[in-house]
Asks: 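The structure follows.
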Protein chains: 2
Amino acid sequence: MMQMSNQEPTKSENCQCRQDLGELFDHRFFKALCDPGRIALLVRLANCSEPCSVSQIAECCPVDISVVSRHLAMLRDAGILDAQKRGKEVYYSVRCSELAKLLQTMADAIKACCPDKDSKTKDTNHE
Amino acid sequence: MMQMSNQEPTKSENCQCRQDLGELFDHRFFKALCDPGRIALLVRLANCSEPCSVSQIAECCPVDISVVSRHLAMLRDAGILDAQKRGKEVYYSVRCSELAKLLQTMADAIKACCPDKDSKTKDTNHE
DNA sequence: TGTATATTTGCACAATGATGCAAATGAGCA
DNA sequence: TGCTCATTTGCATCATTGTGCAAATATACA
């Protein structure tokens, strides 16, 4: 999941949100991040400049390493993390660009739904 | 929750993400949106230009109205929706500005963590 | 006050999710 | 091949969550 499907806002209406909000806001993405432990893993990896192995990540976690492994796999399946195998170890890292882009797209979509355009709409369809 | 706490990136380091990612990414926010039914409610309300009552919203939902009421309350408690009572009815609407701002802040925070600054960093700390 | 409508809440039950342990799988190395 | 380490997976258990029904609460109105 988390395919970005780079679709421009159609701006056929002055409300751009009627099109694809349901697809953009995928509950699986939010489900992946609804657990405090998984959030912690994301933060841990985001603060890390390099990919980290499961063991390295699990060092600072109070839970069993199998739990960490499962959580990392969930974040990977949600498109939030990237995993690459080097030897016996699996190195996880945050898919920063994709994640940032998705959040940005969500922010823009919600912004486009604002009834009062106080948030400085960049496409001012003046009429 | 969902207090925005308008803190500027400190940019003391070239990685701005080390500060408050853990607070910014609140699992309660994601938990509120991890259910497909609640996502549908958010989309429904975002597509609506005006606030809608619980009954109006529940009309297009396959679940009991009590479930809708509970879901709306969860989204309200998460800071995603606004509720205001008019007579016997409670009208819900999306807190567009706040929601967009939160998503934007998250996007920026993740963007700042990108190891390769391919995503057009707006604050180019050139060195 | 009594009635009707809108919404919320208590409760029970089913479904889902998180966790730890142990076993299995995969990869490097002697 | 046999051994070791890293990671994943099966399984059982416990906790959390979603759901619907019924009752309770809140508000408007006759």
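Chain letters run A, B, ... following the sequence lines, proteins first and then strands; every chain starts at 1.
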Asks: Checking side-chain contact (heavy atoms from CB on, under 4.5 Å) between A/Y92 and each of A/R76, A/Q84, A/R44, which is the one that passes?
Replies: A/R76

Asks: Do you know which of B/Q56, B/K85, B/E50 makes side-chain contact (heavy atoms from CB on, under 4.5 Å) with B/Y91?
Replies: B/Q56

Asks: When the distance from NE2 of B/H27 to C1' of D/dT16 is rounded to whole Å, what number comes out?
Replies: 13 Å

Asks: Could you point out which residue of A/D82, A/L72, A/L75 forms a side-chain contact (heavy atoms from CB on, under 4.5 Å) with A/L45?
Replies: A/L72

Asks: Could you tell me how the ring of A/F30 sits relative to the ring of A/F25: parallel (under 30°), tilted (30 to 60°) or perpendicular (over 60°)?
Replies: parallel

Asks: Output the rounded distance in Å from CD (A/E59) to C1' (D/dA6).
Replies: 13 Å

Asks: Please report the distance, rounded to the nearest Å, between NZ in A/K85 and P in D/dT7.
Replies: 9 Å

Asks: Linking I/L/V/M/F/W/Y whenever their side-chain heavy atoms sit closer than 4.5 Å, directly or via other members, would B/I110 and A/M74 fall into one cluster?
Replies: no

Asks: Calculate the interatomic distance between B/L41 atom CG and D/dG18 atom C1'; express it in whole Å.
Replies: 13 Å

Asks: Using a 4.0 Å cut-off on protein heavy atoms (strictly under), produce a 5'-to-3' string for nucleotides 8-19 of chain C with B for base contact, S for backbone-only sugar-phosphate contact, and - for none.
Replies: BBBB-----SSB

Asks: Rounded off to whole Å, could you give me the NZ-to-P distance for the A/K88 and D/dA6 pair?
Replies: 6 Å

Asks: Starting at atom CD of B/E89, determine the distance to atom P of C/dT5, rounded to an integer number of angstrom.
Replies: 12 Å

Asks: Please state how far atom CD in A/Q84 lies from atom P in D/dT7, giving the value in whole angstrom units.
Replies: 13 Å

Asks: Starting at atom CZ of B/R86, determine the distance to atom P of D/dA28, rounded to an integer number of angstrom.
Replies: 13 Å

Asks: Shortest non-hydrogen contact from A/D35 to A/H71?
Replies: OD2-CE1, 3.4 Å

